[in-house]
S.K.: 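Dropping the structure in here first, questions after.
First the proteins, then the strands, lettered A, B, ... as listed; each starts at 1. These values consider heavy atoms only, across backbone and side chains, with no hydrogens, waters or symmetry-generated copies.
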Amino acid sequence: MNNFFFDYVQSIRRREFLRNSGLGIGAIALASLLSEETAKADRSVAKPQAGNRKPHNPLAPKRTHFPAQAKSIIYLHMVGAPSQLDLFDYKPILQEHTGKECPKELVEGERFAFLPKNPKLLGTSFKFSKHGESGQEFSELLPHLSQHADDIAVVKSLHTEEFNHGPAQIFIMTGFGRQGRPSIGSWLTYGLGSESRDLPAFVVLVTGLTGGGGSSMWGPGFLPSVYQGVRFRTKGEPVLFVTNPEGIDRAARGRIVDDIRKLNELQLKEIGDPEIATRIASYELAYRMQSSVPELMDIKGEPKHIHDLYGTQPGKASFANNCLLARRLIERGVRIVQLFDQGWDHHGGIAKRLPVKCKQTDQPIAALITDLKQRGMLDETLIVWGGEFGRTPMLQGDRAEGAGRDHHKDALTMWLAGGGVKGGVTVGKTDDLGYHIVEDKMHMNDMHATILHLMGLDHLRLTHRFQGRDYRLTDVGGIVMQKLLA
Amino acid sequence: QLLDWLATKFVTHNWSTKAIHRLIVTSATYRQSSHVTPELLEQDPYNKFYARGPRYRMRAEFIRDNALAVAGLLSDKMYGPPVFPVQPPGVWNHIGVASNNWTTSSGADLYRRGLYVYWRRTVPYPSFINFDAPSREACTVKRSRSNTPLQALTLMNDPVFFEAATALAGRMLTEPDQNATPEDRVEYGFRLATSRWPISPEIIILVKRYQSELDRYRKDPKSVEKLLAKWKVPANVNRAQFAAWIHVANILLNLDEVITK
C-alpha cells in the first residue's frame, strides 16, 4: 500500500473508532472498573499530567509508603468514654483512698466537665488479675478479652486535648478539635484506596445513638467526598436507597439500568465527557451493591459455632452482630471499618452499668480476634479499641445514681491488636492515683501516627494541600510509638 | 486578566449581578459546545483555557429542584420556615439537645426548593450529602463533584426522586394529545427532562422499554397495583400504561445529562 492510501485508511479507522467507541463503552467502563481505572471524578485529587489521557480513579488501590503487615483496620470506638480505671488501669493505692478527699494539688486550677471543687476519690469495685504469659492485667469485667492478653498491646498513657464528647470525638477521629478536617478513616482511604469492587472503601456501623461528633467522625473534611465513610445501618435498609421501590423487582431494575446505560453511552459517544463513563460504571456498581449489600448483611448463613462465638442473633441489631459484620466486610475487601458503640459515659452507676456494657461488647470483641486468628487474617488486620477520653479517679455521682467518674482528658487507655502490633505488652504508666501520666506519654497525634505507620503510611507524607498548607492527620505533631510495633 | 476584565465590567454595569450573568452566559465562550475530543482532552484536560463549554454535574439542591420541576411538582413558594422532605426513618438518631423526630412536611411544602430543606449539621439530609452538599460545620468554598454509586441509588430509589418519576410519567400520559403515539409521548418526556429533541436511537430505546413493560403489566395486573400503591395516579388513565411510563420516567430522571448543566 502506498502512504496516501495507508494514511487514509488509518484516518477512517480512527474516526470510526471514535464514532463507534460509544457503543462498547459500557462494557469498557465495566472492564475499566474491574481493572480499577474509571474516569476521574474529582479534579482536586490528581495533578494534570501532560499527554496523559488515562482516566483516573480516586479509589484505585495505592502503594503504601513502605511495606506493612496491616492491610485493613477495624476501629472500635466506645462512645462516651469507658472507665479505664475499672477495666485496664489497676490502681491499688487509689483503692485505699476510696471515699477520701482528693489531694488539693491534683484539682488546683483544673477544669472538669462536671466535678465539684473538692471531689472525693473512687477506687475500682472490680477485681483485677493478670492473664496470659505476658501477665497483662484486666478487670473481671473482661473475661473474654483477657484470654487474648498475649495478642493485645495496651496503652495506658494516652492523653487528649478535649474533655467534652463532641469535640473529643472529633479530636480522636480527625486529629483536631473542630469540625472540617478529614477523619482517620478518610485519610486511610485516601492513602490506601479500595480493594472492594462491590462495596464502599470505608464502612461505619453504629450501635445506639450516634455520638455528638456526628458524621464528622467518618467524614472526608476537605478531602474529596469520595473518601467519606459510608454508614451501613443495622435497622432498615443497610445502605440508604439500596432497596428498590415497591413494585420494581431486581429484574425490572436491571432492565432500567440497562436502558440508562444505553442512553448514556449514546451521550458519551456524542459529547465525549469522561464523567459519563464514570457514571455508567457507577450505575453498574450500584446495581451490584443492591445484591452484594444484602448478602453481606445477612448473617443467617454463618455456621452455628460462629454465632455462638460472637453471641450474635440474626435479625437483631447488636454490637455482636456488628463485630461479625466487620469480619465479613474485611473478607469482602473493605479495608476501613469503624464500629461505634454508645453508652459508656458513666458519670454515675459504674457498678451497675459498666458490667452491662461489657457484657454486650467483651465477648464479641474477643470473638472477632479469635475468628480473625482462625482464618489467618489477624496478621493483616489492625484492631484498635478506645474511647474519646478517660475517666477521673475522682468520684462523681450521688447516692441514688451510684458512684461514677467524670471526664478525664489527661489519661486514657486504648489497646491494639493484630496487623504488626506487638502482642502482650503494656505501654505507659499513670501515677498511683491514675490521674497523671508518668511514663511514655502519648498524645492522640502519636497514636494516629502509629496507626498510620502500622498500615504502611508515613504520617508526614500523607498530606493534602488545603488553604495553602499541607494538612495531615497528625496536625503538627505525631511520633510513632515504637514499643507498639512487633 | 479575564477576572480583572469581568470585575471592571461588573463595576461599570452598576454592580448588577443580572448584567454580569447575562454577559457571561451570552458570551461565545460560554456558548461553546461541551463536546470533548481526545485532542481537546490532551491539551486542556481541565478546561482551564475554556476550549469548550462547561459541562458539570449539578449541585445537590439543583438536582432535586430540577427533578421536581420536570415532574411538575416544584413549589415556587418562597420564604418561611424550613421544610422536611421524605427521609428514610431512623436517619436522625444522634445524641444532642435536638429531638430525633423528623416530621415530614405535607402538601406543597414537600416540594419546595432544596434551599429550604431543614439542615442538621451532624446528620444532614442524606440525598444532598450523596451529591456533595457540605455539612456546613466548616465553611466550604468549593464543593467537590463526585460521581458515585450512592448517587445512582439515590436517583433510582429515593422516594422523592421516584415520586418525581411517577409525576413525570403522569405528565407524559396526560399532557400530550389523547391520540399521541408512544413515540410522541417519549419525545415529550425527553424534551421536558433534557430540553432537547431525542434522536431516533434514543426514542427507540425508550419506546421499546414502554412497550415491553406494558406487555408485562397487561399480563399481570396485580403487579400494576403493587407499583402504584403508594403514588398518586392521574384521573382517567389506563393504569397499566401509567405503570409502564413510570419505568421510562425513572430512566429519564437518571440520565447523566439530566443531572448535568
S.K.: With a 4.5 Å cut-off on heavy-atom pairs, point out which of B/Glu202, B/Arg55, B/Gln43 contacts chain A the most.
M.R.: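 Of the candidates given, the most pairs with chain A belong to B/Arg55.
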
S.K.: Is it the side chain or the backbone of B/Ile259 that comes within 4.5 Å of chain A heavy atoms, both, or neither?
M.R.: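 Just its side chain gets close to chain A.
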
S.K.: As an exercise: rank B/Pro88, B/Ser212, B/Ala138, B/Ala229 by heavy-atom pairs under 4.5 Å with chain A and give me the winner.
M.R.: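 Most heavy-atom pairs within the cutoff with chain A belong to B/Pro88.
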
S.K.: Sort B/Glu225 into side chain, backbone, both or neither according to what part of it lies under 4.5 angstrom from a heavy atom of chain A.
M.R.: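 For B/Glu225, neither part sits under 4.5 Å from chain A.
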
S.K.: Who wins among A/Val239, A/Asp258, A/Ile260 for the most heavy-atom pairs under 4.5 Å with chain B?
M.R.: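 It is A/Ile260.
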
S.K.: Could you tell me which portion of B/Arg120 (side chain, backbone, both or neither) has an atom closer than 4.5 angstrom to a non-hydrogen atom of chain A?
M.R.: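 Neither part, no heavy atoms under 4.5 Å.
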
S.K.: Tell me, for B/Pro89 versus chain A, whether the close heavy atoms (under 4.5 Å) come from the side chain, the backbone, both or neither.
M.R.: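 Backbone only.
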
S.K.: Find the one option among A/Glu246, A/Met289, A/Arg255, A/Lys235 whose heavy-atom pairs under 4.5 Å with chain B are most numerous.
M.R.: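 Of the candidates given, the most pairs with chain B belong to A/Arg255.
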
S.K.: Side chain, backbone, both or neither: which part of B/Val91 has a non-hydrogen atom closer than 4.5 Å to chain A?
M.R.: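 Both backbone and side chain.
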
S.K.: Kindly list each side-chain donor-acceptor pair under 3.5 angstrom involving residues 198-207 of chain A, sequence neighbours excluded, with atom names and distances?
M.R.:
from     : atom 1 : to       : atom 2 : distance (Å)
A/Asp198 : OD1    : A/Arg288 : NE     : 2.7
A/Asp198 : OD1    : A/Arg288 : NH2    : 3.4
A/Thr207 : OG1    : A/Phe340 : O      : 3.2
A/Thr207 : OG1    : A/Asp341 : OD1    : 2.7

S.K.: Suppose a student defines contact as a heavy atom less than 4.5 Å from any heavy atom of chain A. Which residues in residues 183-192 of chain B would they list?
M.R.: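 So far as heavy atoms go, nothing in residues 183-192 of chain B approaches chain A to under 4.5 Å.
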
S.K.: So what's closer than 4.5 Å to chain B heavy atoms on A/Arg233: side chain, backbone, both or neither?
M.R.: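 When you check distances to chain B, only side chain atoms of A/Arg233 fall under 4.5 Å.
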
S.K.: How many angstroms lie between CG in A/Asn244 and CZ in B/Phe162, if you round to the nearest 0.5 Å?
M.R.: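 That separation rounds to 8.5 Å.
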
S.K.: For each of A/Ser282, A/Gly211, A/Gly221, A/Gly180, tally heavy-atom pairs with chain B at distances under 4.5 Å, and name the one with the top tally.
M.R.: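 Highest number of pairs under 4.5 Å: A/Ser282.
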
S.K.: Checking B/Leu206 against chain A: side chain, backbone, both or neither under 4.5 Å from a heavy atom?
M.R.: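 For B/Leu206, side-chain heavy atoms alone lie under 4.5 Å from chain A.
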
S.K.: If you look at every heavy atom in B/Thr148 and A/Val226, which pair is closest and at what distance?
M.R.: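 Here B/Thr148 and A/Val226 meet closest at CG2-CG2, 4.5 Å.
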
S.K.: List the atom of A/Gly212, the atom of B/Thr122, and the distance in Å for their closest heavy-atom pair.
M.R.: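 For A/Gly212 versus B/Thr122, the nearest heavy atoms are O-CG2, 3.5 Å.
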
S.K.: Taking A/Gln228, A/Arg253, A/Arg231, A/Gln342 one by one, which has the highest count of heavy-atom pairs under 4.5 Å against chain B?
M.R.: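 Option with the top pair count is A/Arg253.
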
S.K.: About how many Å separate CD of A/Glu275 and OG of B/Ser34, when rounded to the nearest 0.5 Å?
M.R.: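 One finds 12.0 Å between OG of B/Ser34 and CD of A/Glu275.
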
S.K.: Could you grab the distance from atom CE of B/Met156 to atom OG1 of A/Thr243, nearest 0.5 Å is fine?
M.R.: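 Taking CE in B/Met156 and OG1 in A/Thr243, the distance rounds to 11.5 Å.
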
S.K.: Looking at B/Arg121, B/Lys142, B/Lys230, B/Arg216, which has the largest count of heavy-atom pairs under 4.5 Å with chain A?
M.R.: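 Highest number of pairs under 4.5 Å: B/Arg216.
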
S.K.: Can you measure from OG1 (A/Thr210) to CG (B/Asn100) and round to the nearest 0.5 angstrom?
M.R.: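 Taking OG1 in A/Thr210 and CG in B/Asn100, the distance rounds to 8.0 Å.
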
S.K.: Checking heavy atoms, do the side chain of A/Gln267, its backbone, both or neither come under 4.5 Å from chain B?
M.R.: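 Only the side chain of A/Gln267 comes within 4.5 Å of chain B.
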
S.K.: Could you look at A/Arg181 and say if it's the side chain, the backbone, both or neither that has a heavy atom under 4.5 Å from chain B?
M.R.: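 Nothing of A/Arg181, per the 4.5 Å heavy-atom cut-off to chain B.
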
S.K.: With the side chain counted from C-beta on, respond yes when A/Ile248 and B/Leu227 share a heavy-atom pair under 4.5 Å apart, and no when they do not.
M.R.: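 SC-SC contact between A/Ile248 and B/Leu227 confirmed.
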
S.K.: Report yes or no: do B/Gln151 and A/Arg279 form a side-chain donor-acceptor pair below 3.5 Å?
M.R.: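 Looking only at side-chain atoms, A/Arg279 and B/Gln151 do form a donor-acceptor pair, the distance falling under 3.5 Å.
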
S.K.: Can you see which heavy atom on B/Tyr217 is nearest to which on A/Gly247, and at what distance?
M.R.: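 For B/Tyr217 versus A/Gly247, the nearest heavy atoms are OH-O, 4.1 Å.
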
S.K.: Once you round to the nearest 0.5 Å, how far does NZ of A/Lys262 lie from CD1 of B/Ile205?
M.R.: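 Answer for the NZ-CD1 pair, A/Lys262 versus B/Ile205, is 6.0 Å.
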
S.K.: Taking side chain as everything from C-beta outward and backbone as N, CA, C, O, which of these in B/Ile246 sits under 4.5 Å from a heavy atom of chain A? Side chain, backbone, both or neither.
M.R.: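 For B/Ile246, neither part sits under 4.5 Å from chain A.
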
S.K.: Before giving the answer on side chain to side chain donor-acceptor pair (under 3.5 Å), spell out for B/Glu137 and A/Ser216 the whole-Å C-alpha distance, their side-chain angles and the decisive distance to 0.1 Å.
M.R.: CA-CA 9 Å; B/Glu137 288 166 308; A/Ser216 283; 2.7 Å; yes

S.K.: Can you tell me how far the CG atom of A/Leu209 sits from the NE2 atom of B/His94, to the nearest 0.5 Å?
M.R.: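 Separation between the atoms: 9.0 Å.
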
S.K.: Side chains of A/Ser215 and B/Val123: does their closest heavy-atom pair fall under 4.5 Å?
M.R.: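 Sidechains of B/Val123 and A/Ser215: no contact.
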
S.K.: Need one label for B/Phe131: side chain, backbone, both or neither, based on atoms under 4.5 Å from any heavy atom in chain A.
M.R.: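 No part of B/Phe131 comes within 4.5 Å of chain A.
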
